[in-house]
Amino acid sequence: MPKNTKVTQREHSNEPVTESVADLLSLEHPMDYKSSQMSMGLSPGSTAPVKALLPSPDPDAEDGRPAWNNKLEYILAQVGFSVGLGNVWRFPYLCQKNGGGAYLVPYFILLLLIGIPLFFLELAVGQRIRRGSIGVWNYVYPQLGGIGVSSLMVCGFVGLYYNVIIGWSIFYFFQSFQYPLPWAECPFQRNGSQAIVEPECEKSSATTYFWYRQTLNITSSIDDTGGLNWRMTLSLLVAWILVCLAVIKGIQSSGKVMYFSSLFPYVVLFCFLVRGLMMKGAVDGIAHMFTPKLEKMLEPQVWREAATQVFFALGLGFGGVIAFSSYNKRDNNCHFDATLVSIINFVTSILATLVVFAVLGFKANVMNEKCVVENAEKILGFVNMGVLSKELIPPHINFSHLSAQDYQEMYGVIKTVKEDTFDQLGLDACLLEDELNKAVQGTGLAFIAFTEAMTHFPASPFWSVMFFFMLINLGLGSMIGTMTGITTPILDAFKIRKEILCVVCCIIAFLLGLLFVQRSGNYFVTMFDDYSAGLPLTVVVILENVSVAWIYGTKRFMQDLEDMLGFRPYSFYYYMWRYVSPAVLIVLIIATVIEMAVSPAGYNAWVEAEGSESFHSYPPWALAMAYSLIVVAMLPLPIVFIVRHFNLISDGSNKLSVSYRKGMMKDISNLEEQDEQRFILSKNPSAAPSPMPAHRAYLGPGGTQEMTNTNYGTSTKTGYQNIGSPESEL
């Protein structure tokens with residue numbers, strides 16, 4: 001033990017010495033997950049000690065923890081994790097559904113109120129404590145150590161089905177290397193000497209048929225598994241091999257992958273935007289998208305969906321944000337990182353929305369022209385058969401060059417004159433607005449609507465290859481963050497080679513993922529997407545917020561941030577963390593529960609005979625499976641709280657490890673020998689200044705009284721309490 005610290009001064013002087021947390025923790029040697037900590041005090045109404053957030057004061061990697069090669073790798077990793085498939089196929093749909101440009105107002109407000117503050121909080125605790133999600137929340141408050149376990153389990157659930165989507169994209173990617181694209185036209189089937197269009201395709205569309213029949217070969221209900229789809233099984237295997245190769249060396253391998261997987265999607269999006277703006281109808285799509293419907297802003301549903309999208313867009317609660325941040329230097333400006341990544345995420349969503357609706361505007365124009373031609377042929381047939389009089393056709397209309405405006409004029413005249421029998425004619429209005437209002441999201445947007453639009457592009461295979469390669473990279477970036485959120489806490493708790501752990505995780509995930517590559521697998525993807533993450537993650541994040549802001553103490557946390565960053569964050573964060581964010585999250589949880597109770601639990605099944613989707617309720621076994629996902633994900637929270645509260649499993653805060661005690665005794669022995677030598681040389685051992693840097697006294701939750709180190713239940717003022725691997729005791 002260094003001889004001129006305040007601990008040594010107390011041994012040789014009768015004068016009172018005030019010790020700060022940083023002073024005491026600075027005495028410890030580099031350590032692993034078994035590093036000792038100090039009990040800082042009790043939160044109001046709590047019986048368990050609240051740990052200091054600083055395990056050891058040395059700024060960088062004194063515990064041998066890996067670190068990012070440079071800041072750019074880290075930023076790209078966070079961007080790659082937060083910017084995912086949801087930015088491309090979820091945000092544009094919500095924008096269209098909830099008032100166009102008006103939706104951006106509640107989204108941006110909620111991004112400021114809960115998005116950036118909570119993202120900053122996760123970055124800060126990960127960077128400060130340098131542990132994964134389990135280790136972080138065990139350090140902050142052991143009784144809420146279940147937060148990290150629940151976070152890890154949700155990561156597992158999401159990773160299982162998310163990689164299936166990457167597998168679908170891989171299948172479409174390889175199918176794109178042919179001309180014409182295989183989903184451009186309906187296939188024919190032989191009926192004797194005649195070739196007729198496949199009835200299922202004729203009733204739907206070429207792209208819809210290719211998705212449901214050629215790709216998924218889907219069954220008509222979730223009860224009929226249909227066996228494994230070997231093409232999707234092979235695609236899933238390729239997807240897991242890619243993920244395993246990306247994360248097998250930890251951040252050393254994933255950091256390099258992020259240079260491409262995070263940047264390439266932006267290249268593709270800009271290419272699609274430029275190409276889309278050059279096509280007819282693109283401006284109509286963008287104008288339709290951003291035309292604000294201000295009355296929508298008054299609907300609570302709009303704000304709930306905006307809050308949910310902000311929540312998931314940044315990857316809050318998954319553990320990936322904390323894991324990535326834990327490999328940073330402790331003096332890294334994580335406040336700047338939180339703001340930068342949040343803004344990049346928002347701008348990416350806007351860019352993706354521009355691209356989607358430029359392309360969908362072009363598609364709507366093509367489909368509208370097709371509708372005009374088909375209905376004009378019907379009208380011409382009715383005229384030739386004498387059903388309609390030639391006088392009903394305006395004289396300036398030329399059927400060989402019929403514009404949408406000419407058709408609308410002719411349609412209006414016929415509807416007015418033939419009002420009684422108009423419905424029997426079966427004519428469509430062919431309005432561009434109707435095509436643009438057809439809201440699609442998720443797989444319906446990526447694998448049906450967008451693929452159909454690309455069949456009308458010049459050099460369509462090239463654009464199809466680029467699009468699905470972009471989806472693969474977007475998904476890969478998110479999967480790297482998800483896998484890091486799983487492996488980092490495990491590596492912190494157990495001494496396992498990361499290569500072995502990654503391979504084992506990927507093999508297990510592939511085997512469990514076979515559930516999703518059955519012919520009925522798409523229904524299970526929908527189930528997991530609806531139930532496995534939404535409510536559990538919201539509960540996880542509000543407990544993260546409460547444990548830092550109310551149990552550890554917002555003022556103490558702000559003091560930690562000031563020591564770590566070199567400046568005090570804005571008071572805005574104090575009020576957001578302590579009051580606003582918890583309130584918004586509570587409202588979001590209540591709204592989510594109400595929606596789950598009111599909305600029927602079911603899925604859209606594909607009806608082959610009709611060539612369309614039909615809503616089916618979940619059978620009892622599937623409903624039990626859906627709700628069990630929520631229960632299993634949240635079960636660690638009460639279990640860990642109970643076993644820690646009743647000391648069924650010790651958090652290690654009331655004992656010193658053997659190695660730690662040996663180290664202390666050795667230091668004391670050395671101290672006595674050196675003091676004896678200094679006494680012979682007539683030197684006062686307490687006269688020399690402390691070699692450690694000066695630290696300000698640590699402030700308690702009230703921010704006015706200096707915290708003193710307290711060993712509860714004893715009369716001494718100083719007492720070290722060692723935390724022996726809190727993660728491994730779960």
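Remember, predicted model here, so these are calculated numbers, not experimental data. Each residue takes its place number in the sequence, starting with 1.
- Without hydrogens or angle criteria, E73 side chain to N70 main chain gives no donor-acceptor distance under 3.5 Å.
- Annotation: the span from E122 atom CD to S151 atom OG amounts to 7.5 Å, rounded to 0.5 Å.
- Between T225 and T219 the shortest side-chain heavy-atom distance does not fall below 4.5 Å.
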As a quick check of understanding, evaluate ring-ring contact (aromatic ring centres under 6.0 Å, His included) for Y172 and F447, giving each step before the final call. CA-CA 8 Å; Y172 268 77; F447 298 104; 5.0 Å; yes

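- For the side chain to side chain donor-acceptor pair (under 3.5 Å) with D223, the qualifying choice from W621, Y523, Y618 is W621, the only one to do so.
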The test is ring-ring contact (aromatic ring centres under 6.0 Å, His included); show your working for F516 and F528 and say whether it passes. CA-CA 10 Å; F516 306 102; F528 272 65; 4.9 Å; yes

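- To the nearest 0.5 Å, the span separating CE on M527 from CG on L515 amounts to 8.5 Å.
- Using bins of under 30°, 30° to 60° and over 60° for the plane-to-plane angle, the ring pair F260/F264 lands in the parallel bin.
- Checking side-chain atoms of S464 against main-chain N and O of P461 turns up no donor-acceptor pair under 3.5 Å.
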Could you check W211 against W168 for ring-ring contact (aromatic ring centres under 6.0 Å, His included), going step by step and ending with a plain yes or no? CA-CA 10 Å; W211 167 243; W168 294 340; 5.1 Å; yes

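- Counting only N and O atoms by type, the side chains of T488 and Y327 include a donor and acceptor under 3.5 Å apart.
- No side-chain donor from either of T348 and N87 sits under 3.5 Å from a side-chain acceptor of the other.
- More than 12 heavy atoms of other residues, nucleotides or ligands lie within 6.0 Å of OH in Y259, so this atom counts as buried by the packing criterion.
- Between S262 and G80, the closest heavy-atom pair is OG-CA, 3.4 Å.
- No donor-acceptor pair under 3.5 Å is formed between the side chain of T208 and the backbone N or O of S204.
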For the pair W183 and Y209, evaluate ring-ring contact (aromatic ring centres under 6.0 Å, His included) and give the outcome as yes or no after the intermediate values. CA-CA 8 Å; W183 51 81; Y209 174 82; over 10 Å; no

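- Side-chain polar atoms of E200 and W606 form a donor-acceptor pair below 3.5 angstrom.
- Classification of K71 and D337 as a salt-bridged pair holds, one side-chain N sitting under 4.0 Å from a carboxylate O.
- Side-chain atoms of N138 and R644 form a donor-acceptor pair, as typed in the model, at a separation below 3.5 Å.
- When atom types are taken as modelled, the side chain of W68 and the backbone of I75 share no donor-acceptor pair closer than 3.5 angstrom.
- A donor-acceptor pair under 3.5 Å links the side-chain atoms of R130 to the main chain of N328, judged by distance alone.
- Here the closest non-hydrogen pair linking L471 and S169 is CB-OG, 3.7 Å.
- Among all heavy-atom pairs drawn from S82 and V341, the shortest one is OG-CG1, 3.7 Å.
- Annotation: the span from I147 atom CD1 to L637 atom CG amounts to 7.0 Å, rounded to 0.5 Å.
- We find the CG-OG1 distance between L537 and T308 to be 11.5 Å, quoted to the nearest 0.5 Å.
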